[in-house]
There are 2 protein chains.
Amino acid sequence: MWVKRVTIKDVARAAGVSYTTVSRALSGSSDIGEETRKRILQISQEMGYSPNTVARSLVAQETKTIGLIISNITSPFTSEVTWYIEEQAWLHGYSLILCNSCSSVEKEQAAVELLTSRQVDGIIIHPADDQSFDRLFPYISTTPTVFINEDMGDLPTSYVTIDNYKGAWMGTEYLYSLGHREIVYFGRRHGKRSRMMRAQGYSDACKHFGLTPRFIDYPYPISTSQQVCDLARQMFSKEQNFTAVFANTDLMALGVLQAADAFGIRVPEDISLLGFNNIVFSALPKINLTTIEQPKQAIAATAVAMLLERIKFPKTENKGRVLAPSLVIRDSCRRIDLPSQRTV
Amino acid sequence: MWVKRVTIKDVARAAGVSYTTVSRALSGSSDIGEETRKRILQISQEMGYSPNTVARSLVAQETKTIGLIISNITSPFTSEVTWYIEEQAWLHGYSLILCNSCSSVEKEQAAVELLTSRQVDGIIIHPADDQSFDRLFPYISTTPTVFINEDMGDLPTSYVTIDNYKGAWMGTEYLYSLGHREIVYFGRRHGKRSRMMRAQGYSDACKHFGLTPRFIDYPYPISTSQQVCDLARQMFSKEQNFTAVFANTDLMALGVLQAADAFGIRVPEDISLLGFNNIVFSALPKINLTTIEQPKQAIAATAVAMLLERIKFPKTENKGRVLAPSLVIRDSCRRIDLPSQRTV
DNA sequence: AAACTTTTCGCAAACGTTTTCGTACTATTT
DNA sequence: AAATAGTACGAAAACGTTTGCGAAAAGTTT
């Protein structure tokens with residue numbers, strides 16, 4: 001290392017006491033005389049002593065660390081949730097080890113193995129896949145874990161998510177209420193349950209209002225915004241006769257916006273656009289995306305709270321919290337006259 | 001804990017050997033017979049053994065962990081840099097402990113103390129303040145550290161940053177070349193050196209081209225986008241006779257965009273706007289911000305590389321790497337006719 | 001067959017703490 | 001003055017590893 005770090009034994013030597021006594025002075029034990037405590041505190045200050053958390057963790061059998069596995073910190077939704085999680089963790093004296101899974105189940109599994117090996121007290125994970133749990137189960141059975149942003153149903157784990165079905169229904173209903181009768185759903189609908197539920201909510205709402213669900217789906221995972229834009233272009237060139245697009249995600253909606261721009265299609269004048277997640281950039285002027293909001297701070301706070309409770313009381317049974325989404329109305333959706341429908 | 005974790009001693013007992021032998025089998029030592037190694041590996045697999053990194057760290061005197069202190073993971077620029085840092089760290093077998101300083105020197109210092117106490121092998125820090133180094137010095141003198149996004153000059157530390165002066169000069173020059181003669185600089189210019197250098201680059205370029213530097217400064221720190229927008233509104237209502245705004249930051253530029261929108265001022269038709277950082281959202285259609293790019297991946301990669309080198313060879317002398325910014329031209333700046341100038 | 005090497009393994013120390021237990025000393029009670 | 005209780009501290013074990021050293025067993029050379 002740089003400089004030899006000063007240990008508790010160094011302080012003890014300087015103070016002329018055993019290191020047990022130093023430990024007690026610092027931990028605020030009562031088994032110590034008042035004036036020796038002060039003297040030791042003084043000396044340890046002067047020597048710049050700081051306890052070795054690694055050694056402490058080894059004996060205490062807890063690291064005061066939680067692992068966070070997310071797919072991509074770059075996503076505004078994710079980074080905002082991460083912000084709140086770090087805040088909560090810090091408040092409770094926990095540190096955060098950050099792992100990007102890159103939406104790969106292999107890396108996700110590697111991250112979980114790493115974290116358990118590092119003896120983290122708990123793990124918060126935004127699963128990469130609908131089979132994440134099965135893959136991860138052998139590794140997380142030994143560590144308190146809470147999943148976020150996915151409804152884990154009856155799986156033996158805690159989770160916190162929003163009601164994606166309801167969110168999608170609300171969005172569809174809103175578009176219907178504005179007079180839209182041909183609404184295209186833009187985004188993946190298979191794989192993760194959250195995706196399926198959103199698609200289902202849209203689909204069921206459509207049927208409820210007498211509309212035909214129309215999906216622009218794709219089988220492969222999409223990562224770059226360029227890919228999203230290309231897909232949106234395909235939609236504009238192939239699909240006929242729709243007045244609104246309900247995007248899976250604000251990021252997807254942004255891709256639609258981009259493609260629309262390229263086609264000279266105006267939002268909301270020519271077409272209405274609805275997003276999901278309410279990332280901060282959706283509030284930007286000229287973007288002004290109407291969207292379904294996820295309560296990110298609440299997700300983070302309840303996830304951390306649930307995790308800490310499980311850490312404290314390992315025998316607590318698993319809980320699933322499903323928070324409510326809400327509609328944030330901005331300027332990307334427009335009321336249309338029923339008789340005339342624009343043909344793209 | 002949940003379930004009692006299986007330790008190396010458990011494996012040893014099951015295999016009927018000493019735990020030393022198990023350790024050797026797993027570490028790939030040559031001091032072990034081939035068939036015993038296989039047998040032990042087999043057994044440890046079956047028992048689901050995973051080494052306790054905490055214990056290993058204690059004896060090895062290294063944690064394979066690096067601490068990252070940033071002001072706010074929510075910022076697109078920061079989260080992108082973080083993404084690349086995590087990638088590089090992972091590649092080299094290091095984990096990342098994430099701390100948000102919230103731009104507070106107090107929390108920054110607390111984070112550094114925490115990280116050193118946790119025996120991280122190194123720290124990467126985006127300083128909150130121009131006095132961060134002095135405050136932090138006593139704590140980081142024992143841990144390899146590299147600062148990012150700030151030129152630390154002659155201070156005894158490694159750092160990697162970009163040439164902010166040059167970036168600002170380039171931006172000003174570009175605006176000048178488009179015919180702009182009244183350019184307002186929007187953003188803080190005191191405190192951190194990076195801010196000062198940007199302001200200075202702008203200022204010097206202005207003088208070089210015979211223009212008068214015009215600053216919209218503010219003494220207090222600004223955090224929310226609402227505050228930025230309010231400030232931009234003030235600018236539009238108070239300042240007269242300017243044709244271009246050079247914003248400190250893309251985020252600041254977004255605020256200008258928002259305020260301009262409210263005033264009915266069009267970008268770039270009525271006014272040109274230039275940003276700094278090139279965050280992903282600047283590339284959005286309808287935003288299309290011309291900006292000065294920071295090479296985020298290069299910043300992250302060199303920061304990690306420098307840190308790992310210092311960890312490996314503690315005696316390496318401090319290095320400062322200053323990377324080159326570049327101009328990314330989009331659609332927020334417009335060539336104007338010299339004789340007529342728009343009055344706001 | 002004796003004298004070496006080499007291979008394979010175990011013992012024990014070490015990493016820096018916390019905590020249990022024991023003990024010397026002081027203070028209080030009988 | 002003897003017995004008891006309380007206070008202040010130290011010794012040692014424990015947490016789960018890695019590693020230097022030594023020793024037994026096996027193989028090789030003379």
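Order of the sequence lines fixes the chain letters, A, B, ..., with proteins taken first and strands second; residue numbering starts at 1 for each chain.
- Taking the ring axis of B/Trp90 as reference, the NZ or CZ atom of A/Lys107 stays within 45° of it and closer than 6.0 Å to the ring centre.
- Heavy-atom contacts from other residues, nucleotides or ligands closer than 6.0 Å to CZ of A/Arg193 number more than 12.
- Across the helix from C/dA1-D/dT30 to C/dT30-D/dA1, the helix axis at one end is tilted relative to the axis at the other end by 50° (nearest 10 degrees, each axis from five pairs).
- Annotation for A/Ile40 and A/Ala15: closest pair CG1-CB, 4.2 Å, computed over non-hydrogen atoms.
- Remark: A/Thr78 pairs with A/Ile70, A/Ser75, A/Thr82 by the side chain to side chain contact (heavy atoms under 4.5 Å, CB included) rule, at least two apart or across chains.
- Interface residues of residues 10-26 of chain B facing DNA chain D, ordered by number: B/Tyr19, B/Thr20, B/Ser23, B/Arg24; criterion, heavy-atom separation under 4.0 Å.
- Checked by atom type, the side-chain pair A/Tyr49/A/Asp10 shows no donor-acceptor distance below 3.5 Å.
- Within 6.0 Å of CZ on B/Arg321 lie no more than 12 heavy atoms contributed by other residues, nucleotides or ligands.
- When each of B/Leu136, B/Thr157, B/Leu68 is paired with B/Ile125, the side chain to side chain contact (heavy atoms under 4.5 Å, CB included) condition holds for B/Leu136 and for no other.
- A distance of 4.5 Å separates OG in B/Ser158 from CG in B/Asn318, rounded to the nearest 0.5 Å.
- Residues A/Arg118 and B/Thr65 bring a donor and an acceptor atom of their side chains to less than 3.5 Å of each other.
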For nucleotides 6-8 of chain D, tabulate all protein N/O to nucleotide N/O atom pairs closer than 3.5 Å, reporting atom names and distance.
none

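- Rounded to a whole Å, the CD atom of B/Gln61 is 17 Å from the P atom of D/dT17.
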Please output the side-chain donor-acceptor pairs of residues 19-27 of chain B that fall under 3.5 Å, not counting sequence neighbours, one pair per line with the distance.
| from | atom 1 | to | atom 2 | distance (Å) |
| --- | --- | --- | --- | --- |
| B/Thr21 | OG1 | B/Ser18 | OG | 3.2 |
| B/Ser27 | OG | B/Ser23 | O | 3.2 |
| B/Ser27 | OG | B/Arg24 | O | 3.4 |

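- Ion pairing between a basic and an acidic side chain is recognised when a charged N comes within 4.0 Å of a carboxylate O; B/Glu108 and B/Arg135 show no such pairing.
- Taking 4.0 Å as the cutoff to heavy atoms of chain A, we find the contact window on DNA chain C bounded by C/dG16 to C/dT20.
- Classified by interplanar angle (parallel below 30°, tilted 30° to 60°, perpendicular above 60°), the ring pair B/Phe133/B/Phe147 is tilted.
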